[in-house]
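Remember, it's 1-based here, ligands and their atoms both numbered in the order they're listed.
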Amino acid sequence: MLLEVRDLHVEFHTRDGVARAVNGVSYGVDAGETLAVLGESGSGKSVTAQAIMGILDMPPGRITGGEVLFQGRDLLKLKEEEERRRVRGAEMAMIFQDALSSLNPVISVGDQLGEMFVVHRGMSRKDARTKAVELMDRVRIPAARERVKQYPHQFSGGMRQRIMIAMALALEPALIIADEPTTALDVTVQAQVMDLLAELQREYHMGLILITHDLGVVADVADRIAVMYAGRIVESAPVHDIYKAPAHPYTRGLLDSIPRLDQKGQQLYAIKGLPPNLMHIPPGCAFHPRCPLARDVCRTDEPPLYEVSGARGSACHFWRECLDG
Ligand SMILES: Nc1ncnc2c1ncn2[C@@H]1O[C@H](COP(=O)(O)OP(=O)(O)OP(=O)(O)O)[C@@H](O)[C@H]1O
Ligand code: SF4
Ligand SMILES: [Mg+2]
(Lines give C-alpha, C1' and ligand atoms only; values in the text may rest on other atoms or scores of the structure.)
(Ligands and ions follow the chains in the order given, each with its own letter.)
Protein backbone atom coordinates (compact mmCIF):
# COMPACT_ATOMS: atom_id res chain seq x y z
CA MET A 1 0.00 0.00 0.00
CA LEU A 2 1.21 3.49 -0.86
CA LEU A 3 -0.84 5.13 1.89
CA GLU A 4 -2.59 3.38 4.71
CA VAL A 5 -4.55 5.19 7.39
CA ARG A 6 -5.24 3.04 10.43
CA ASP A 7 -7.80 3.75 13.11
CA LEU A 8 -7.35 7.52 12.97
CA HIS A 9 -9.03 9.64 15.64
CA VAL A 10 -9.30 13.44 15.57
CA GLU A 11 -11.11 15.70 18.03
CA PHE A 12 -11.72 19.43 18.17
CA HIS A 13 -11.67 21.06 21.55
CA THR A 14 -13.84 24.16 21.50
CA ARG A 15 -15.55 26.33 24.08
CA ASP A 16 -18.80 24.44 23.52
CA GLY A 17 -17.28 21.00 24.01
CA VAL A 18 -15.39 18.28 22.19
CA ALA A 19 -16.38 17.52 18.60
CA ARG A 20 -15.40 14.00 17.65
CA ALA A 21 -14.77 14.58 13.96
CA VAL A 22 -12.86 11.41 13.06
CA ASN A 23 -13.60 8.24 15.01
CA GLY A 24 -11.44 5.36 13.85
CA VAL A 25 -11.02 5.87 10.12
CA SER A 26 -9.05 3.26 8.22
CA TYR A 27 -8.51 3.42 4.48
CA GLY A 28 -5.76 2.95 1.97
CA VAL A 29 -4.74 3.72 -1.57
CA ASP A 30 -2.20 2.07 -3.85
CA ALA A 31 -0.03 3.58 -6.55
CA GLY A 32 -2.13 4.00 -9.70
CA GLU A 33 -5.37 3.68 -7.75
CA THR A 34 -8.17 6.17 -7.11
CA LEU A 35 -10.07 6.06 -3.84
CA ALA A 36 -13.19 8.21 -3.69
CA VAL A 37 -14.19 9.38 -0.22
CA LEU A 38 -17.86 10.21 0.01
CA GLY A 39 -20.22 11.53 2.63
CA GLU A 40 -22.38 14.47 3.61
CA SER A 41 -21.03 17.74 4.91
CA GLY A 42 -19.33 17.39 8.29
CA SER A 43 -18.64 13.65 8.01
CA GLY A 44 -14.89 14.17 8.50
CA LYS A 45 -13.61 13.81 4.94
CA SER A 46 -11.48 16.96 4.95
CA VAL A 47 -10.28 16.60 8.52
CA THR A 48 -8.98 13.11 7.70
CA ALA A 49 -7.16 14.53 4.66
CA GLN A 50 -5.72 17.38 6.72
CA ALA A 51 -4.37 14.92 9.28
CA ILE A 52 -2.70 12.93 6.48
CA MET A 53 -1.17 16.06 4.93
CA GLY A 54 -0.06 17.49 8.27
CA ILE A 55 -2.13 20.66 7.85
CA LEU A 56 -4.69 20.12 10.59
CA ASP A 57 -5.43 23.16 12.76
CA MET A 58 -3.84 22.12 16.08
CA PRO A 59 -5.29 23.48 18.32
CA PRO A 60 -8.28 23.27 18.25
CA GLY A 61 -7.70 19.93 16.49
CA ARG A 62 -6.00 17.04 18.23
CA ILE A 63 -5.01 13.67 16.79
CA THR A 64 -5.84 11.26 19.59
CA GLY A 65 -4.97 7.97 17.94
CA GLY A 66 -4.06 6.04 14.84
CA GLU A 67 -1.37 5.78 12.21
CA VAL A 68 -0.77 7.32 8.80
CA LEU A 69 1.56 4.96 7.00
CA PHE A 70 3.05 6.42 3.83
CA GLN A 71 5.39 4.13 1.94
CA GLY A 72 5.56 2.14 5.16
CA ARG A 73 6.48 5.00 7.51
CA ASP A 74 4.14 6.50 10.10
CA LEU A 75 3.92 10.20 9.24
CA LEU A 76 2.46 10.98 12.66
CA LYS A 77 5.73 9.86 14.21
CA LEU A 78 8.19 11.76 12.01
CA LYS A 79 10.23 13.79 14.44
CA GLU A 80 12.19 16.21 12.34
CA GLU A 81 10.32 19.12 10.82
CA GLU A 82 12.61 18.87 7.81
CA GLU A 83 11.79 15.21 7.23
CA ARG A 84 8.09 15.96 7.48
CA ARG A 85 8.39 18.75 4.97
CA ARG A 86 10.38 16.63 2.56
CA VAL A 87 7.80 13.84 2.51
CA ARG A 88 4.70 15.98 2.59
CA GLY A 89 6.04 18.73 0.35
CA ALA A 90 7.40 16.57 -2.44
CA GLU A 91 5.81 13.13 -2.20
CA MET A 92 2.27 14.21 -1.43
CA ALA A 93 0.25 17.10 -2.80
CA MET A 94 -3.22 18.46 -2.23
CA ILE A 95 -5.75 20.16 -4.50
CA PHE A 96 -8.44 22.27 -2.86
CA GLN A 97 -11.89 23.36 -3.93
CA ASP A 98 -11.10 27.04 -4.00
CA ALA A 99 -8.08 27.85 -6.14
CA LEU A 100 -8.49 31.60 -5.67
CA SER A 101 -7.78 31.38 -1.96
CA SER A 102 -4.98 28.80 -2.39
CA LEU A 103 -3.04 30.78 -5.00
CA ASN A 104 -1.23 33.98 -4.13
CA PRO A 105 -3.11 36.87 -5.81
CA VAL A 106 -0.06 39.13 -6.24
CA ILE A 107 2.37 36.63 -7.77
CA SER A 108 2.09 35.53 -11.41
CA VAL A 109 1.05 31.92 -11.92
CA GLY A 110 4.34 31.26 -13.69
CA ASP A 111 6.32 32.41 -10.67
CA GLN A 112 4.15 30.36 -8.32
CA LEU A 113 4.60 27.23 -10.41
CA GLY A 114 8.30 27.96 -10.91
CA GLU A 115 8.82 28.43 -7.18
CA MET A 116 8.24 24.70 -6.69
CA PHE A 117 11.25 23.93 -8.87
CA VAL A 118 13.43 26.66 -7.39
CA VAL A 119 12.76 25.58 -3.79
CA HIS A 120 12.63 21.82 -4.15
CA ARG A 121 14.84 21.20 -7.16
CA GLY A 122 17.29 24.08 -6.88
CA MET A 123 16.62 25.23 -10.46
CA SER A 124 17.45 28.66 -11.82
CA ARG A 125 14.54 31.10 -12.32
CA LYS A 126 14.88 30.76 -16.08
CA ASP A 127 14.69 26.95 -16.09
CA ALA A 128 11.87 27.08 -13.58
CA ARG A 129 9.93 29.38 -15.93
CA THR A 130 10.40 26.88 -18.77
CA LYS A 131 9.10 24.13 -16.50
CA ALA A 132 6.11 26.27 -15.55
CA VAL A 133 5.16 26.70 -19.21
CA GLU A 134 5.54 22.96 -19.78
CA LEU A 135 3.23 22.22 -16.86
CA MET A 136 0.63 24.73 -18.05
CA ASP A 137 0.70 23.01 -21.44
CA ARG A 138 0.36 19.68 -19.71
CA VAL A 139 -2.88 20.73 -18.02
CA ARG A 140 -4.04 22.20 -21.36
CA ILE A 141 -4.06 25.88 -20.61
CA PRO A 142 -4.17 27.53 -24.03
CA ALA A 143 -1.35 29.95 -24.93
CA ALA A 144 0.68 28.90 -21.90
CA ARG A 145 3.75 30.82 -23.04
CA GLU A 146 1.87 34.14 -22.90
CA ARG A 147 -0.37 33.38 -19.95
CA VAL A 148 2.47 32.31 -17.66
CA LYS A 149 2.96 36.00 -16.77
CA GLN A 150 -0.65 36.53 -15.73
CA TYR A 151 -2.11 36.62 -12.22
CA PRO A 152 -4.67 34.16 -10.76
CA HIS A 153 -7.65 36.54 -11.10
CA GLN A 154 -7.05 36.76 -14.86
CA PHE A 155 -8.02 33.09 -15.26
CA SER A 156 -11.48 31.53 -15.25
CA GLY A 157 -12.46 29.17 -12.42
CA GLY A 158 -11.79 26.09 -14.54
CA MET A 159 -8.39 27.38 -15.70
CA ARG A 160 -7.43 28.25 -12.11
CA GLN A 161 -8.30 24.73 -11.07
CA ARG A 162 -6.01 23.47 -13.85
CA ILE A 163 -3.24 25.64 -12.40
CA MET A 164 -3.86 24.01 -9.01
CA ILE A 165 -3.52 20.61 -10.64
CA ALA A 166 -0.28 21.75 -12.29
CA MET A 167 1.06 22.91 -8.90
CA ALA A 168 0.18 19.56 -7.37
CA LEU A 169 1.82 17.65 -10.22
CA ALA A 170 4.97 19.76 -10.37
CA LEU A 171 7.17 17.54 -8.24
CA GLU A 172 5.56 14.32 -9.51
CA PRO A 173 4.24 13.24 -6.12
CA ALA A 174 3.34 9.64 -5.38
CA LEU A 175 0.00 10.71 -3.88
CA ILE A 176 -2.49 13.48 -4.57
CA ILE A 177 -5.43 14.30 -2.33
CA ALA A 178 -8.09 16.29 -4.17
CA ASP A 179 -10.68 17.77 -1.81
CA GLU A 180 -13.82 18.63 -3.81
CA PRO A 181 -11.65 19.79 -6.73
CA THR A 182 -14.57 20.63 -9.03
CA THR A 183 -17.35 21.62 -6.64
CA ALA A 184 -17.05 25.34 -7.33
CA LEU A 185 -17.20 24.92 -11.13
CA ASP A 186 -19.98 24.78 -13.74
CA VAL A 187 -21.16 21.29 -14.57
CA THR A 188 -19.50 21.09 -18.01
CA VAL A 189 -16.23 22.48 -16.72
CA GLN A 190 -16.43 20.05 -13.78
CA ALA A 191 -16.39 17.11 -16.15
CA GLN A 192 -13.42 18.46 -18.13
CA VAL A 193 -11.34 19.09 -15.02
CA MET A 194 -12.23 15.69 -13.57
CA ASP A 195 -11.28 13.96 -16.83
CA LEU A 196 -7.96 15.76 -16.89
CA LEU A 197 -7.20 14.79 -13.31
CA ALA A 198 -8.08 11.15 -13.98
CA GLU A 199 -5.93 11.11 -17.12
CA LEU A 200 -2.89 12.57 -15.34
CA GLN A 201 -3.37 10.21 -12.41
CA ARG A 202 -3.16 7.24 -14.77
CA GLU A 203 -0.24 8.64 -16.72
CA TYR A 204 1.85 9.40 -13.63
CA HIS A 205 0.68 6.23 -11.88
CA MET A 206 -0.13 8.21 -8.74
CA GLY A 207 -2.38 7.29 -5.87
CA LEU A 208 -5.37 9.64 -5.83
CA ILE A 209 -7.77 10.29 -2.99
CA LEU A 210 -10.77 12.08 -4.38
CA ILE A 211 -13.03 13.68 -1.78
CA THR A 212 -16.47 14.53 -3.06
CA HIS A 213 -20.16 14.92 -2.22
CA ASP A 214 -21.07 13.76 -5.64
CA LEU A 215 -21.56 10.05 -6.31
CA GLY A 216 -22.32 10.95 -9.90
CA VAL A 217 -18.73 11.92 -10.75
CA VAL A 218 -16.95 8.99 -9.12
CA ALA A 219 -18.42 6.14 -11.18
CA ASP A 220 -16.04 6.78 -14.08
CA VAL A 221 -12.86 7.66 -12.23
CA ALA A 222 -12.71 5.76 -8.92
CA ASP A 223 -11.51 2.21 -8.28
CA ARG A 224 -12.77 2.08 -4.72
CA ILE A 225 -15.22 4.05 -2.62
CA ALA A 226 -15.08 4.75 1.11
CA VAL A 227 -18.31 6.17 2.51
CA MET A 228 -18.01 8.27 5.68
CA TYR A 229 -20.66 9.04 8.26
CA ALA A 230 -20.04 10.88 11.55
CA GLY A 231 -16.29 10.38 11.31
CA ARG A 232 -16.41 6.68 10.50
CA ILE A 233 -16.14 4.58 7.37
CA VAL A 234 -19.53 2.92 7.04
CA GLU A 235 -18.90 1.17 3.74
CA SER A 236 -15.75 0.46 1.77
CA ALA A 237 -15.84 -1.40 -1.52
CA PRO A 238 -14.81 -1.58 -5.18
CA VAL A 239 -16.82 1.01 -7.09
CA HIS A 240 -18.75 -1.51 -9.22
CA ASP A 241 -19.93 -3.46 -6.17
CA ILE A 242 -21.38 -0.32 -4.68
CA TYR A 243 -23.27 0.65 -7.81
CA LYS A 244 -24.59 -2.87 -8.23
CA ALA A 245 -25.91 -3.09 -4.67
CA PRO A 246 -24.93 -1.01 -1.65
CA ALA A 247 -24.31 -2.93 1.58
CA HIS A 248 -25.15 -0.02 3.88
CA PRO A 249 -28.46 1.89 4.11
CA TYR A 250 -26.59 5.21 4.14
CA THR A 251 -24.82 4.36 0.87
CA ARG A 252 -28.20 3.38 -0.55
CA GLY A 253 -29.56 6.76 0.49
CA LEU A 254 -26.68 8.56 -1.22
CA LEU A 255 -27.16 6.52 -4.41
CA ASP A 256 -30.88 7.15 -4.47
CA SER A 257 -30.31 10.89 -4.21
CA ILE A 258 -28.31 11.09 -7.46
CA PRO A 259 -30.34 12.95 -10.11
CA ARG A 260 -30.99 10.62 -13.04
CA LEU A 261 -31.43 11.84 -16.57
CA ASP A 262 -33.93 9.10 -17.40
CA GLN A 263 -36.23 10.07 -14.55
CA LYS A 264 -36.78 13.74 -15.24
CA GLY A 265 -39.51 15.37 -13.22
CA GLN A 266 -39.54 12.70 -10.53
CA GLN A 267 -39.23 13.78 -6.96
CA LEU A 268 -35.63 13.31 -5.91
CA TYR A 269 -35.09 11.05 -2.91
CA ALA A 270 -33.32 12.66 0.02
CA ILE A 271 -32.07 10.93 3.16
CA LYS A 272 -34.40 12.14 5.92
CA GLY A 273 -33.03 14.09 8.86
CA LEU A 274 -29.66 15.68 9.40
CA PRO A 275 -26.13 14.44 10.13
CA PRO A 276 -25.50 14.18 13.89
CA ASN A 277 -23.98 16.80 16.12
CA LEU A 278 -20.38 15.60 16.56
CA MET A 279 -20.43 16.62 20.22
CA HIS A 280 -23.32 14.20 20.80
CA ILE A 281 -23.01 11.30 18.39
CA PRO A 282 -25.96 8.90 18.88
CA PRO A 283 -25.10 5.66 20.71
CA GLY A 284 -25.10 2.36 18.82
CA CYS A 285 -25.09 2.96 15.08
CA ALA A 286 -24.71 6.71 14.57
CA PHE A 287 -27.02 6.51 11.55
CA HIS A 288 -29.94 4.93 13.44
CA PRO A 289 -32.11 8.06 13.83
CA ARG A 290 -32.23 8.35 10.02
CA CYS A 291 -32.16 4.73 8.97
CA PRO A 292 -35.20 3.02 7.40
CA LEU A 293 -33.91 -0.40 8.54
CA ALA A 294 -33.12 0.55 12.15
CA ARG A 295 -34.31 -1.63 15.02
CA ASP A 296 -33.55 -1.98 18.73
CA VAL A 297 -30.03 -3.43 18.49
CA CYS A 298 -29.00 -0.44 16.31
CA ARG A 299 -29.72 1.96 19.18
CA THR A 300 -27.37 0.17 21.58
CA ASP A 301 -24.68 -1.78 19.70
CA GLU A 302 -22.18 -0.03 17.50
CA PRO A 303 -21.70 -2.11 14.34
CA PRO A 304 -18.10 -3.08 13.53
CA LEU A 305 -17.00 -3.04 9.90
CA TYR A 306 -18.37 -6.46 8.90
CA GLU A 307 -16.58 -8.27 6.11
CA VAL A 308 -19.01 -8.53 3.21
CA SER A 309 -16.39 -10.02 0.90
CA GLY A 310 -12.59 -9.95 0.72
CA ALA A 311 -12.47 -6.42 -0.65
CA ARG A 312 -15.60 -5.06 0.93
CA GLY A 313 -16.78 -4.01 4.37
CA SER A 314 -20.01 -2.58 5.81
CA ALA A 315 -20.68 -1.16 9.27
CA CYS A 316 -24.31 -2.27 9.37
CA HIS A 317 -25.76 -5.07 11.49
CA PHE A 318 -28.17 -5.79 8.65
CA TRP A 319 -25.86 -5.47 5.65
CA ARG A 320 -27.25 -8.71 4.13
CA GLU A 321 -30.75 -7.31 4.13
CA CYS A 322 -29.51 -4.08 2.59
CA LEU A 323 -27.57 -5.96 -0.08
CA ASP A 324 -30.69 -7.93 -1.03
CA GLY A 325 -32.50 -4.62 -1.56
N1 LIG B 1 -11.07 24.14 12.67
C2 LIG B 1 -12.08 23.49 13.27
N3 LIG B 1 -12.52 23.81 14.50
C4 LIG B 1 -13.51 23.14 15.11
N5 LIG B 1 -14.16 22.10 14.56
C6 LIG B 1 -13.78 21.72 13.34
C7 LIG B 1 -12.73 22.38 12.61
N8 LIG B 1 -12.57 21.78 11.41
C9 LIG B 1 -13.49 20.78 11.40
N10 LIG B 1 -14.21 20.74 12.53
C11 LIG B 1 -15.26 19.79 12.87
O12 LIG B 1 -15.06 18.59 12.13
C13 LIG B 1 -16.24 18.26 11.41
C14 LIG B 1 -15.87 17.56 10.13
O15 LIG B 1 -15.34 18.52 9.25
P16 LIG B 1 -14.83 18.17 7.79
O17 LIG B 1 -14.33 19.46 7.26
O18 LIG B 1 -13.91 17.03 7.81
O19 LIG B 1 -16.17 17.75 7.04
P20 LIG B 1 -16.30 17.30 5.53
O21 LIG B 1 -16.76 15.89 5.53
O22 LIG B 1 -15.08 17.62 4.78
O23 LIG B 1 -17.53 18.22 5.07
P24 LIG B 1 -17.71 19.08 3.73
O25 LIG B 1 -18.33 18.12 2.75
O26 LIG B 1 -18.68 20.15 4.15
O27 LIG B 1 -16.41 19.61 3.30
C28 LIG B 1 -16.98 19.56 11.26
O29 LIG B 1 -18.36 19.37 11.17
C30 LIG B 1 -16.63 20.29 12.55
O31 LIG B 1 -17.50 19.86 13.58
S1 SF4 C 1 -26.83 -0.84 11.89
FE2 SF4 C 1 -29.04 -0.50 12.00
S3 SF4 C 1 -29.28 1.73 12.03
FE4 SF4 C 1 -27.20 1.31 11.37
S5 SF4 C 1 -27.31 1.33 9.18
FE6 SF4 C 1 -27.58 -0.80 9.79
S7 SF4 C 1 -29.79 -1.08 10.00
FE8 SF4 C 1 -29.41 1.11 9.90
MG1 LIG D 1 -14.63 19.03 3.35
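Interatomic distance, CZ of Arg129 versus CG of Leu113, reported as 10.0 Å (0.5 Å rounding). The CG atom of Asp98 sits 11.5 Å away from atom CG of Asp179, with the distance rounded to the nearest 0.5 Å.
Atoms of ligand 1 found under 4.0 Å from any heavy atom of Glu180 (numbered from 1 in listed order, with element): 25 (O). Contact atoms of ligand 1 toward Leu278: 13 (C), 29 (O), 31 (O) (distance under 4.0 Å to a heavy atom of the residue). Below 4.0 Å from some heavy atom of Gly44 lie the following atoms of ligand 1, by number and element: 14 (C), 18 (O), 19 (O), 20 (P), 21 (O). Near Pro60, the atoms of ligand 1 lying under 4.0 angstrom from a non-hydrogen atom of the residue are 3 (N).
The shortest N/O to N/O separation between Ser46 and ligand 1 falls below 3.5 Å. The N/O atoms of Phe12, backbone and side chain alike, include none that comes under 3.5 Å of an N/O atom in ligand 1.
The protein heavy atom nearest to atom 21 (O) of ligand 1 is Lys45 NZ, 2.8 Å. Among protein heavy atoms, the minimum distance from atom 18 (O) of ligand 1 is reached at Val47 N, 2.8 Å. Given atom 5 (S) of ligand 2, the protein heavy atom at minimum distance is His248 CE1, 3.5 Å. Scanning the protein heavy atoms around atom 12 (O) of ligand 1, the nearest turns out to be Ala21 CB, 3.3 Å.
Salt bridge status for Glu91 with Arg73: absent, with no side-chain N to carboxylate O gap under 4.0 Å. A salt bridge links Glu199 with Arg140: the distance from a Lys NZ or Arg NE/NH1/NH2 to an Asp or Glu carboxylate oxygen falls below 4.0 Å. Comment: Glu134 does not engage Arg145 in a salt bridge, judged by the lack of any side-chain N to carboxylate O separation of less than 4.0 angstrom. A salt bridge is absent between Arg252 and Glu235: the closest approach of a Lys/Arg side-chain nitrogen to an acidic carboxylate oxygen does not fall below 4.0 angstrom. Ion pair Arg290/Glu40 flagged as a salt bridge, since at least one NZ, NE, NH1 or NH2 atom sits closer than 4.0 Å to an Asp/Glu carboxylate oxygen.
Judged purely by atom type and a 3.5 angstrom limit, Thr251 has no side-chain atom pairing as donor or acceptor with the backbone of Ala247. Side-chain N or O atoms of Glu33 include one that pairs as donor or acceptor with a backbone N or O of Asp30 at under 3.5 Å. Not a single donor-acceptor pair under 3.5 Å links the side chain of Arg6 to the backbone N or O of Tyr27.
By the criterion of a separation under 2.8 Å, the protein N/O/S atoms near atom 2 (Fe) of ligand 2 amount to Cys298 SG. Below the 2.8 Å limit, the Mg ion (ligand 3) has as protein N, O or S neighbours Ser46 OG.
For Met228, no heavy-atom contact with ligand 1 is shorter than 4.0 Å.
Around atom 1 (N) of ligand 1, the closest heavy atom drawn from Val10, Asp57, Leu38 belongs to Asp57. When the heavy atoms of Ala230, Ala51, Ala49, Ser41 are ranked by distance to atom 26 (O) of ligand 1, first place goes to Ser41. Nearest-residue assignment for atom 29 (O) of ligand 1 (options Gly42, Pro276, Ser43; heavy-atom criterion): Gly42.
Ala286 approaches Ile281 most closely through the heavy-atom pair CB-CG2, 3.7 Å. Residues Gly42 and Leu278 come closest through the heavy atom pair O-CD1, 3.6 Å.
Of the listed residues (Phe287, Phe318, Tyr306, Trp319), just one forms a side-chain contact (heavy atoms from CB on, under 4.5 Å) with His248, and that residue is Phe287. With Pro276 as the partner, the side-chain contact (heavy atoms from CB on, under 4.5 Å) test is satisfied by one option alone out of Pro289, Pro282, Ser43: Pro282.
Not a single heavy atom of Gln50 lies less than 4.0 angstrom from ligand 1.
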Evaluation steps, side chain to side chain contact (heavy atoms under 4.5 Å, CB included), between Val5 and Ser26 = CA-CA 5 Å; Val5 177; Ser26 300; 5.8 Å; no
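Taking the ring centre of Phe155 as origin, the terminal cationic atom of Arg147 falls inside the region bounded by 6.0 Å and 45° from the ring axis.
When the side chains of ILVMFWY residues are joined at heavy-atom separations under 4.5 Å, either directly or via intervening members, Ile211 and Leu185 end up in a single hydrophobic cluster.
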